[in-house]
Number of protein chains: 2
Amino acid sequence: MQISDKVPRQEIQRRVQNFQLFLKQEALDGAMILQNVDIYYFSGTIQPSMLFIPVEGSPVLIVFKNYPRARQESSLNTVITAQNKAQVPQIIKDFGFGKPATLGFEIDVVPAFLYLWLQNAFPGCRLRDVSKAIRQLRMLKSTYEIDQIKKTAPILDKGYNHLKDIMAVGMTELEIDGNLALLARRHGHMGILRMRGWNQEMTYAHVLSGASGSVVSFLNSPHGGSGTTPAMAQGAGFRRIRQNEPIGIDYGVGVNGYLGDQFRTFVIGRLPNELEKAHACAVDILALLVREAQPGMLCSDLYHLAHSKAAKAGLADFFMGTAEGQVEFIGHGLGLEIDELPIIGLHSTDKLQPGMVMALEPKFVFPGKGVVGLEDDYVMTTGGLERITLIEQALICVEP
Amino acid sequence: MQISDKVPRQEIQRRVQNFQLFLKQEALDGAMILQNVDIYYFSGTIQPSMLFIPVEGSPVLIVFKNYPRARQESSLNTVITAQNKAQVPQIIKDFGFGKPATLGFEIDVVPAFLYLWLQNAFPGCRLRDVSKAIRQLRMLKSTYEIDQIKKTAPILDKGYNHLKDIMAVGMTELEIDGNLALLARRHGHMGILRMRGWNQEMTYAHVLSGASGSVVSFLNSPHGGSGTTPAMAQGAGFRRIRQNEPIGIDYGVGVNGYLGDQFRTFVIGRLPNELEKAHACAVDILALLVREAQPGMLCSDLYHLAHSKAAKAGLADFFMGTAEGQVEFIGHGLGLEIDELPIIGLHSTDKLQPGMVMALEPKFVFPGKGVVGLEDDYVMTTGGLERITLIEQALICVEP
């Protein structure tokens, strides 16, 4: 098997070293990394395994299945095989790490049965959350990571451009969604958009026409859509698209684990005046954010800038959702998961830093009428925001 | 908003009553249901909420977001709104359920932070796993549930038939996967295939040509595939399909939450002799299982029947995977999740019962050559297995 897109060794080393600095500061003896995405971040593989990262020394990747594949995919030096997790404490001991007195774990994603296993497997050991620290490390992207995220942009661009050719009155939202799925996979989308939040799930895209755009969902997002069923109450549904209504299209793809996440408003014909103005306001807000964003600035200040501009236009009630569906952010970090740090929102205490990658998504939602706005991906550099998104048009009008 | 596919009230009532019988037997005061899928099973909605099911009396669905939507989607009598989870213990008290002494929760899926919250929110309360009981309840499907699963079959049939028209030498696995995604969504696939197992994830389909079919993955499955990246190491990849090699296509869709999961072997031209024989053996095994399966029979005996037939054909080493990738089951339950009970496997202690829905998937994996076999969906009735799958052909040969 050929591993064309292996995470480089120096990349893995840097990540582990940064995490070990944190472990040292917090006086932790080590951490057991258990979740797919975090294991991938620190090892380069998601084969069934547990990863022990000691405060000092080499991490040990303990693989339960597909050892040869894990060995090939990972740049870590120490990749070993084990029958089951009962062997893990002894393995850690055998590698000279004794019996850890304090151990980090991912409190937000590790299921209770594994948490209770950790308690039993390491009796007397104090378990401490390291999930927040991992998310903060992952917030700052390396050049390698930014390059991966940039690979998503041409795929999203192709998808949006393809829609210009095929979109027609009477098509269902699902038909458009299916075409985006075809385009995504054709061009290498890895087939999943990962979200870390508890009970949060994603379809490949959201296609929300007219009133669908104002249906709120279980997603932590300004729009959700009806979906096809209460059992997966989000995204495209059976509704047929009409002339002169907004068709909001949220489109995400993943390359080598890293995600791109963009949004465009389409219309067959022309938007109603009120919505056209709101869309223009979203475009102005995004331009303002891109102009103003600088390292050192509070993410919450960026949110306030956007909110003020919306309020001045008399659109505060529709900004980033409406009524109960309103969210208090205008952007979020992007990386291996779609809900990464920083949150560009009211309650964020993070400051903008070079290496942050984020999706900025000023949108307006009008009850019964739909969602308008746009979402572009950016990387924060010392000189300001650098655009990753390729598609130029903000509002995409298709001839009826 | 129109809720066309609401779970019927009597369906929800029956599920809750059955679960309450279990709570009574186990002397539990109630259970806090926290995971999306389980909340859907007992309430009909996945809006952000927690569901308290007392041992006696009406369940209380406590909704944190989108109350109107949850109220519309759920057939439960008691659906109330709350600001946050801190209010939950008082709400339960206010509904007359006092301070529970023992409380059930889903140990296999609930993250540690929520488990620890439960411990703090209900001090002195003994927390006990009810996940196994929920999975066992869900193992036996009602007529309503079977009807939903049957709705997946025409979609899968359309997908397989479409491939006969478009499959050609030189296409990538991803192109085929994308076409299956388009077909699935066009015909109403809900956009996700849920899997309960920790760290288990799914793409819409698996398209595994030639050697890809023998690449093992992190999935608990006889085949996995390379995928496009170690970050999502399963399913279709960039490989171009060739003449005279097996193209294994695992295809799943969901309707109203319920999943169908089938597999077909395609070939452009003709399979090599060895693989053609193995495929015929898989067809014979499936026919044998369908002939022999009766209520009361042990699932493990069904597995043994299959294994013996494979062994007699001299194919034991390739049966259900090869070497480390070999799995010890030939089928699994199907419902809201793709890894439901029963497991038709070596270690299962379940007996076949009317109402079980299962995917039976005899397959052979040849290192470097690929995967052959088939997978059909069945419902267990008093008279034996009733076929849900529509597509008739077992091996689908396409002209070069």
Side-chain angles (χ1 to χ4, degrees), chain A residues 1 3 5-7 35-36 40 44-48 65-67 69 73 105 107-116 174-175 177-179 181-186 188 190-192 198-199 201 203-204 215-218 226-233 235-236 238 254-257 324 336, chain B residues 1 3 5-6 35-36 40 44-48 65-67 69 73 105 107-116 174-175 177-179 181-186 188 190-192 198-199 201 203-204 215-218 226-233 235-236 238 254-257 324-325 336:
Chain A
M1 188 181 43
I3 309 292
D5 293 301
K6 192 165 165 165
V7 185
Q35 185 232 30
N36 264 3
Y40 181 73
T45 183
I46 57 167
Q47 300 306 321
K65 194 188 154 201
N66 306 346
Y67 171 76
R69 187 166 182 178
E73 291 175 346
F105 79 108
I107 199 169
D108 60 340
V109 287
V110 164
F113 85 94
L114 269 183
Y115 171 74
L116 293 168
L174 283 167
E175 179 74 21
D177 180 284
N179 273 282
L182 167 59
L183 263 279
R185 290 295 269 166
R186 176 179 286 163
M190 66 182 188
I192 198 169
W198 166 239
N199 273 344
E201 302 174 304
T203 55
Y204 285 7
V215 177
V216 289
S217 85
F218 64 102
S226 61
T228 61
T229 161
M232 185 58 183
F238 297 100
V255 176
N256 292 332
E324 205 194 11
L336 295 171
Chain B
M1 190 181 42
I3 308 293
D5 293 302
K6 191 165 164 163
Q35 184 232 30
N36 264 3
Y40 181 74
T45 184
I46 58 168
Q47 299 307 319
K65 194 188 155 200
N66 307 345
Y67 171 76
R69 187 165 182 179
E73 292 175 344
F105 79 108
I107 200 170
D108 60 340
V109 288
V110 164
F113 85 93
L114 269 183
Y115 170 74
L116 294 168
L174 284 167
E175 179 74 21
D177 180 284
N179 274 281
L182 167 59
L183 264 278
R185 289 296 267 167
R186 175 179 287 163
M190 65 182 190
I192 197 170
W198 167 239
N199 273 342
E201 301 173 305
T203 54
Y204 285 7
V215 177
V216 289
S217 86
F218 64 102
S226 61
T228 61
T229 160
M232 185 58 184
F238 297 100
V255 176
N256 291 332
E324 204 193 15
L336 294 170

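Below, chains carry the letters A, B, ... as their sequence lines are ordered, and counting in each starts from 1. What's counted below: heavy atoms across the whole structure, side chains too, no hydrogens, waters or symmetry copies.
The candidate with the highest count of non-hydrogen atom pairs below 4.5 Å against chain A, out of Gly235(B), Ala181(B), Pro48(B), is Pro48(B). Contact count versus chain A (heavy atoms, under 4.5 Å) is highest, among Thr229(B), Asn66(B), Leu116(B), Leu174(B), for Asn66(B). Among Thr45(A), Val255(A), Val109(A), the residue making the largest number of heavy-atom pairs under 4.5 Å with chain B is Val109(A). Counting heavy-atom pairs closer than 4.5 Å to chain A, the top-ranked of the candidates Gly257(B), Ala233(B), Gly191(B) is Ala233(B). Of the listed residues (Gly227(B), Gly188(B), Gly44(B), Gly254(B)), the greatest number of heavy-atom pairs within a distance under 4.5 Å of chain A belongs to Gly188(B).
Residues forming a side-chain contact (heavy atoms from CB on, under 4.5 Å) with Ser217(B) (at least two apart in sequence, or on another chain): Arg69(A), Leu219(B), Gln234(B). Not counting sequence neighbours, the partners of Phe105(B) by the ring-ring contact (aromatic ring centres under 6.0 Å, His included) test are Tyr115(B).
A donor-acceptor pair under 3.5 Å links the side-chain atoms of Asn199(A) to the main chain of Asn36(B), judged by distance alone.
When all heavy atoms of Trp198(A) and Gln35(B) are compared, the pair lying nearest together is CZ2-CA, 3.7 Å. Contact detail for Glu73(B) and Pro230(A): the closest heavy-atom pair is CD-CB, 3.8 Å.
Both the backbone and the side chain of Ala236(B) come within contact range of chain A, each with at least one heavy atom under 4.5 Å from a heavy atom of that chain. Neither the backbone nor the side chain of Leu183(B) comes within contact range of chain A, judged by heavy atoms closer than 4.5 Å.
Taking the side chain as every heavy atom from C-beta outward, Asn256(B) and Met232(A) never approach each other to under 4.5 Å.
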side-chain contact (heavy atoms from CB on, under 4.5 Å) evaluation trace for Asp177(A) with Arg186(B): CA-CA 8 Å; Asp177(A) 180 284; Arg186(B) 175 179 287 163; over 6 Å; no

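Here CD1 of Ile192(A) is found 8.0 Å from OG1 of Thr203(B). Values are rounded to the nearest 0.5 Å. For the atom pair Phe113(A) CZ and Asp108(B) CG, the distance stands at 7.0 Å (nearest 0.5 Å).
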